[in-house]
Amino acid sequence: MLLILIHLPERLIQKYRKVSYGMADGSQVDSVARRIAAQLLRRFIGGRISNDMFEDSEPQTKDRAVRAIWNTMWPFYDDLHEHVLSGKYKLSREDLRLCSRWLIFLHTDQPYVWPDIALAGFDPSQRVQPNALLRFFSLGALKPEVASAFLAAGDHAYWPFAPKADYRTALSAPRLLAGKGSTQRISSFKEGIQ
């Protein structure tokens, strides 16, 4: 299994060779890193690679979306021992829906417009802690002004997409399952994640 991971990025780079480009705000969309990240995330949530393999395979990129999604995956697994996401570690249906949306985003070239915070995929309004001492002892706790600034960037219900319209656009023009005869599968997939 590890041998496959060592060769995975090289194969994907050849398959998805695209030029990375910077955005006006200094962010960068790295299409190759996004495709590699999507492949690894899909294998991880499908129980095909372990948490250790997933962590060790993070694509090295300046694409903030890849880094934010990788960081957000951390609470979904136990980092004290190696395991796959099956059995007692299996993701819930709701968690799978979230991860599916993140996978869809990784298959776009849309810019990631959210400010950088830890665990960006989890609602920051639920993690506000005004007390500095309590914030220090609380994993992922945020200052109220940090949470407000983050939420001002878009509709968090569709993170990492910013507006709902970007999410709908990505669903209407899928890069996965878009081959001949896939219309029915795409409709079923859309119904399951909306």
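Computed over heavy atoms, backbone and side chain alike; hydrogens, waters and symmetry mates excluded.
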How many angstroms lie between CD in Gln39 and CD1 in Ile49, if you round to the nearest 0.5 Å?
9.0 Å
The reported gap from CG in Leu80 to CG in Asn51 (rounded to nearest 0.5 angstrom) is 9.5 Å
Closest heavy-atom pair, Val29 versus Pro111, reported as atoms and distance to 0.1 Å, is CG2-CA, 3.9 Å
Hey, does the side chain of Gln60 reach the backbone of Glu58 with a donor-acceptor pair shorter than 3.5 angstrom?
yes
Pairs touching residues 146-155 that satisfy salt bridge (charged side-chain N to carboxylate O under 4.0 Å, His left out), sequence neighbours left out:
none
Search all heavy atoms of Ala120 against all heavy atoms of Asn71 and return the closest pair with its distance.
N-OD1, 4.4 Å
Are Leu98 and Trp159 side-chain neighbours, meaning at least one heavy-atom pair lies under 4.5 Å?
no
Residues in side-chain hydrogen bond (donor to acceptor under 3.5 Å, both in side chains) with Thr61, at least two apart?
Asp30
Only counting residues at least two apart or in another chain, list the ones meeting ring pair (Phe, Tyr, Trp, His ring centres under 6.0 Å) with Phe44.
Phe54, Tyr77
Mind checking whether Trp70 and Val84 sit in one hydrophobic cluster, side chains of I, L, V, M, F, W, Y counted as touching below 4.5 Å?
no
Under 4.5 Å between any side-chain heavy atoms of Ser50 and Glu55, yes or no?
no
If every non-hydrogen atom of Ile69 is compared with every non-hydrogen atom of Pro160, which pair is closest and at what distance?
CD1-CG, 4.0 Å
Please name all residues satisfying salt bridge (charged side-chain N to carboxylate O under 4.0 Å, His left out) with Asp116, sequence neighbours left out, ordered by chain then number.
Arg64
Is there any salt bridge (charged side-chain N to carboxylate O under 4.0 Å, His left out) pair reaching into residues 69-94, and which pairs are they, with sequence neighbours excluded?
Glu94-Arg97
Would Phe161 and Arg168 count as a side chain to side chain contact (heavy atoms under 4.5 Å, CB included) here? Give the steps.
CA-CA 10 Å; Phe161 297 93; Arg168 297 286 183 206; over 6 Å; no
Shortest non-hydrogen contact from Ala149 toward Pro115:
O-CG, 4.0 Å
Check side chain to side chain contact (heavy atoms under 4.5 Å, CB included) between Ala165 and all other residues, then give those that pass, not counting sequence neighbours.
none
Validation row: Met73, Ile45 side chains within 4.5 angstrom (heavy atoms)
yes
For Tyr89, all residues meeting ring pair (Phe, Tyr, Trp, His ring centres under 6.0 Å), sequence neighbours excluded
His81, His83
Residue list, side-chain hydrogen bond (donor to acceptor under 3.5 Å, both in side chains) with Trp114, at least two apart or on another chain
none
State, yes or no, whether a side-chain contact exists between Pro124 and Val146 at a heavy-atom distance under 4.5 Å.
no
Would you please indicate if the ring centroids of Phe76 and Phe122 are separated by under 6.0 Å?
yes
Please round to the nearest 0.5 Å and tell me the distance separating atom CG of Asp56 and atom CG of Leu40.
11.0 Å
As an exercise, state the distance from CG of Leu91 to OG of Ser100, rounded to the nearest 0.5 Å.
9.5 Å
Excluding sequence neighbours, so at least two apart, what forms salt bridge (charged side-chain N to carboxylate O under 4.0 Å, His left out) with Asp63?
Arg34
I'd like to check the side chain to side chain contact (heavy atoms under 4.5 Å, CB included) partners of Pro163; sequence neighbours left out, ordered by chain and number.
Asp166
Considering residues at least two apart in sequence or located in another chain, which fulfil the side chain to side chain contact (heavy atoms under 4.5 Å, CB included) criterion with Asp123?
Ser125, Gln126, Leu151, His156
From Leu106 atom CG to Arg42 atom CZ, the distance as rounded to the nearest 0.5 Å
12.0 Å
Within this structure, what is the CZ-OH distance for the pair Arg101 and Tyr167, rounded to the nearest 0.5 Å?
6.0 Å
According to a hydrophobic-cluster definition based on side-chain heavy atoms being under 4.5 Å apart (Ile, Leu, Val, Met, Phe, Trp, Tyr only), do Val128 and Ile117 belong together?
no
For Ala162 and Val113, the nearest pair of non-hydrogen atoms, with its separation, is CB-CG2, 3.4 Å
